[in-house]
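First the proteins, then the strands, lettered A, B, ... as listed; each starts at 1.
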Amino acid sequence: MLRGTPFHERTAPLCEASDWRRWGGCVAAGAYELTHEHEYAAIRGTAGIIDVSPLFKYRVTGPDSARLMDRMITRDVSTCDVGQVLYTPWCDPAGKVRDDGTVHRLGEHDFLLTSAEPNLLWMHDNATGLDVTIREETEEVGALALQGPASREILRGITEGAVEDLRFFRTMDTSIRGVPVRISRTGYTGDLGYEIWVGAGDALALWDTLIEHGETFGVAPAGLIALDMVRVEAGLILIDVDYVPAHRAVIEDRKSSPFELGLGWTVKLDTAPFVGQAALVAEKARGPEWEFCGLVVDWESLESAYQEFGLPPQVPGSTVRDSVPLYRDGAQVGYATSRCWSPALKRFLALAHLRVPHSSLGTHLEIEVTVEHRRRRATATVARTPFFDPPRKRETPASPTRGAA
Amino acid sequence: MSRDSGYDAIIVGGGHNGLITAAYLGRAGLRCLVLERRHLVGGAAVTEEVNPGFKYSVASYVVSLLRPEIIRDLDLPRHGLEILPLESTVTPLPDGDYLGRWADHDRTRRELYRHSPRDAEAYDDFGTLMFQLAWAVKPILAMVPPDPLSMSPRDLKAMLRLGKHARDLGEKQFNALYKLMTMSSADFLDEWFEFEPLKATMSASGIIGTFLGPRSPGTAYVLLHHYMGEIDGVFRAWGMAKGGNGAVSESIASAAREHGADIRLEASVDRVIVRGGRAVGVALEGGEEIYAKTIVSGVDPKVTFTRLLEESDLPTDFAEAIRRFRIRGSSGKVNLSLSELPDFTCLPGRGPHHRGAFSISPSIDYLERAYDDAKYGEFSRQPYMDIIIPSMIDPGMAPPGKHVMSIFVQYAPFDLNGGWNDAKREAFGDAVVNTLAEYAPNLKEAILHRQVMTPLDMQEVMGLTEGNIFHGELSLHQLFFYRPAPAWSNYRTPVKSYYQCGSGTHPGGGVCGASGRLAALEILKDLGR
Ligand SMILES: Cc1cc2nc3c(=O)[nH]c(=O)nc-3n(C[C@H](O)[C@H](O)[C@H](O)COP(=O)(O)OP(=O)(O)OC[C@H]3O[C@@H](n4cnc5c(N)ncnc54)[C@H](O)[C@@H]3O)c2cc1C
């Protein structure tokens, strides 16, 4: 039997669709309802609750904890305030990405690292000679992502502290109806949202409070299918889908640097040494060979590809993760790793690896589509990501109720 | 010239179509001015806080066919448009049972099977056929209607395309299409199904906005429109805009402004100024005159041609055709503020059905009887209703824990015996609430506020002639190259540089925006852009 998350007792009976997926060795709901549309709509329209407990969680404490983090990740930990969260990749010595996740600075010498894959060994290897304690909290801590436009209002009514003042990528320790929690304004949806971290023993109480209090706000449990759609709209990469972790790649070609994954903005080269730094300095100097881009498939051209067979265009109802080739002037210049019809934008989106220089904004390419068992091509244009980027994601309005006093 | 207002085009009426025209013209570089009579844009697609804290989609309430290319071209999601799916359609039945149709195919099949194993299978076959037909008819909706009598190369080419299209249909499909065009929805559905509530609920889509009953010929065609959305690659075409239907209009207005349009509210156009057979400007109530080279009307054909123009501006046969254009209103709307959710006897307690639609349509006879009342000048004592609870889809529509309910009602004839007045309006509201309370007994107690819109109210408040929700009935003789009048279905009018872009033009009513977009594209063609 696979492990359930600390919320399993509640999520299992809700999973009408019996659609279970695997995630980090746990079972996680793909969709709760028979169709996932309502769950998708909840994340974009009201608020969705996503059980993200399977994330790996490592607590790093001790006088050298900041040095360990700095040594591992591409971002500059010295600029990270206590109470701040950094999204970051980390690399192997060749500057190729092993994993990506978040680093939460909980104290001067206290960090939480979350990741999609196990990282304990890698952390230990990098901690040689450092005065740090690394503790895995994966199973002890449950996590719920509360994501969507109503999420702030929902938390405001039940949280001890001024959660409405919590800024984008900040975290606070507080309690929800007496249950101690940590709330970070983070998520994987590109929308206003929070992740709530809770001791496994308190997990069910937290779930019940959120569901009960959230009902009038239209909250709905949302599964991984909906999450996979909104993360494409948000232009966020997924490990094992959009890139292969460097230490699992059996051939060099499969590895990607942060520059090649659209994560150049996370690479701070003029800081303390970190794993992969020298390789990334060199790569930056010569310019990356690949870039990770958003694509919008041109609807009219998709229509004509289907028209040939007397059919209206058929677009996937959820994210598809098989890679398809991309062409320019007849030659293959890249491949798309995630594709999704966005119900919100009414556009067919893709995330893609493109060889420089075919990656510049506005470049017209061709994407392979299979129509009636035959390979066809539709035009697609390199577009800015996030495709969906509502201002509310980052905004923190001055709170009217508690004021500045 | 001192007269120069600086605008290239003036659009009369800030309904969603007028706004779309302004946005597309603006996108092409024209300076547009939209003149709207009311204090807010949207026309029949508005959200108003009639009762403080409770937001009503006062008239239209669901979005079905809003063209995806408009959403993309105008980037409406960035301007705030979000369409949330409607879960289901539940038809409560007088015997305490119900008929449910859900988002999930298997669930619907099982539910239909419960009532009729035969219908459960027929339903899928029907769906396949309708999909084929909708796919065949769709290009017609997307094209500018040609004039069948014209010999111009452009019209001929379009007619040829139409002919080819009809030839491409298989025999079975062609026969079905012919039946759809000529039969009543009741007869057409009788050929497919046996379970009365299913037939009645499906046939209801054929009577919405018409002054016809389910047994009136011609009503079958509208069934097709229901399947139209599905071929746009938009699975669940039916949805509710977050913030109500006014949010659709507001997002389009925002896009239009971004493309340089000015929108003036509380600016009622009294007439279009015509000089030498050419529209050159408009005169507002109050006398102000504004001039521009292009004038576009987004109001219904009656107002466009009889109120805003002098009879002498129009050729006699055209004026006659407009006079004959059928625009009888037959629908009412009731909006409620509720202290709690309606508790349906057939599905007690709170459930996912509250996030969907409810249809009061237990049988064809029920609907036909409702029509009988209207035929003889009364509102239906037991009306057909299409209901949603917007606050269950977007909780922002009502204060926490409270709800709003939107009830679309048929029939309420514009020409009521003795005419509409306050007492009649309330009696109509009572008939609606009493009928619904038979299925949800807690309803009456839960009502905090009630807004009743009669066809007369829709004319007075929203400027819809006779309260017709579609700017003219969607019957076959008023569609395609006959909408609104033969030879003038291509958004132009007998008056030069005077155009029409409202729902009274092809492809017609609903919050679909096609008229506004096609009109703009034709105007741009004439201007050589
Ligand atoms: C009760 C009701 C329910 C409906 N339900 C639905 C539904 O659920 N789904 C759906 O798709 N469709 C529905 N419809 C139909 C749909 O709302 C209309 O077909 C559509 O909104 C019409 O849009 P329009 O832009 O063409 O015209 P309108 O919305 O009528 O806009 C015309 C505008 O012109 C303004 N105006 C009028 N005269 C003047 C003047 N002299 N000067 C300046 N401005 C003027 C009006 O105030 C108005 O804003 C419903 C309609 C009604 C009435």
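- Between B/Tyr98 and B/Phe344, the distance from one ring center to the other does not fall under 6.0 angstrom.
- Counting heavy atoms from C-beta outward, A/Leu34 and B/Trp102 have side chains that stay 4.5 Å or more apart.
- Contact annotation for A/Pro390: neither backbone nor side-chain heavy atoms come within less than 4.5 Å of a heavy atom of chain B.
- Between chain A and the options B/Lys402, B/Met392, B/Arg350, B/His403, heavy-atom pairs under 4.5 Å are most frequent for B/Arg350.
- Between A/Glu153 and A/Arg156 there is a salt bridge, since at least one side-chain N of the basic residue sits less than 4.0 Å from a carboxylate O of the acidic one.
- B/Leu76 does not touch chain A: none of its heavy atoms, backbone or side chain, sits under 4.5 Å away.
- Within the cation-pi definition used here (under 6.0 Å to the ring centroid, within 45° of the axis), B/Arg72 does not qualify as a partner of A/Phe387.
- No other option in A/Gly45, A/Ala41, A/Ala17 has as many heavy-atom pairs under 4.5 Å with chain B as A/Gly45.
- A donor and an acceptor atom, one from each side chain of B/His105 and B/Asp124, are located under 3.5 Å apart.
- Contact count versus chain B (heavy atoms, under 4.5 Å) is highest, among A/Leu311, A/Thr46, A/Val296, A/Asp389, for A/Leu311.
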